[in-house]
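Take a look at the structure below.
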Amino acid sequence: MNTVLTRKRLVIGNWKMHGTLAANATLLDGIKADAASVQDCEVAVCVPFPYLGQVQASLEGSSVSWGAQDVSTHEQGAYTGEVSAAMLADFGSRWVLVGHSERRSLHAESDQLVAEKAIAALAAGLTPVVCIGETYEQQQSGQTSSVIERQLAPVLALGADLVTRMVLAYEPVWAIGTGLSASPEQAQDVHAFIRARLQGLGVPQVRVLYGGSVKAVNAASLFAMPDIDGALVGGASLQAQEFLRIAAA
Ligand code: PGA
């Protein structure tokens, strides 16, 4: 089976903690206006919780889907400040990022917790986008594979039936927001490593996105790599034209 053909390209914008009602309206209008011209690539945005209603109202019926950037492991209850997967689904979310490096480093999210968030998302019918990636120090000391292996372990342990419903995103921490993207070859090396793990589980068709300073100028060369199935885009997703140029690449 040719797994490449079965992996539809996917480009997700991660707005992080940016936006206002007014700025979002302009951005969403821009994305909607041109999204239909993007062929053979799914386009989505993951937005701050308070804007899910706005994004739903704006994107409903368009080809662009949406989601959030984090989710609680709990279904409901006394968890002040948490947002459940069912709440995200209530607002039409299709996706949720879990384990973004900013959550791992700023909120001490463990590999195990990230796997639990993925389970919570799946239980509510959302697709978790599980983010993994090594720091600069880890990369410099040759630990990339072992870090990826460790981060993936509790996720892969969930088994093929659950993992097949996920998306993975390889985001080297040193490339996030730095303007210093991994080279296509560097990224492909890690993606091939991840693909081999997925293959080992019998789910090679799971999509693996690359993230970290993806822009319109470097998107095409990254997407030309056999195991890179799309991108998770931070900064460049805040400009409609730039974001859609990435999706069109
Ligand atoms: P960046 O962020 O594109 O701004 O590097 C990517 C991400 O953090 O998902």
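As the structure lists them, so they are numbered: ligands from 1, and atoms in each ligand from 1. Along the sequence shown, residues are numbered consecutively beginning with 1.
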### Message
Which Ile, Leu, Val, Met, Phe, Trp or Tyr residues join L209 in one cluster when any pair of side-chain heavy atoms under 4.5 Å counts as a link?
### Response
L10, I12, W95, L97, V129, V167, L232
### Task
Taking only heavy atoms of the protein into account, state which residues are under 4.0 angstrom from an atom of ligand 1, in chain and number order.
N14, K16, H100, E171, A175, I176, G177, G212, S213, L232, V233, G234, G235
### Query
Taking everything shown except Q140 itself, do over 12 heavy atoms lie less than 6.0 Å from its CD?
yes
### Message
Against the six-membered ring of F193, is R197 placed for a cation-pi contact (under 6.0 Å from the centre, within 45° of the normal)?
### Response
yes
### Summary
Those residues at least two apart in sequence (or on a different chain) that pass side-chain hydrogen bond (donor to acceptor under 3.5 Å, both in side chains) with W174 are E134
### Query
Between D111 and R104, is there a side-chain N and carboxylate O pair less than 4.0 Å apart?
yes
### Query
Who are the salt bridge (charged side-chain N to carboxylate O under 4.0 Å, His left out) partners of K215, not counting sequence neighbours?
none
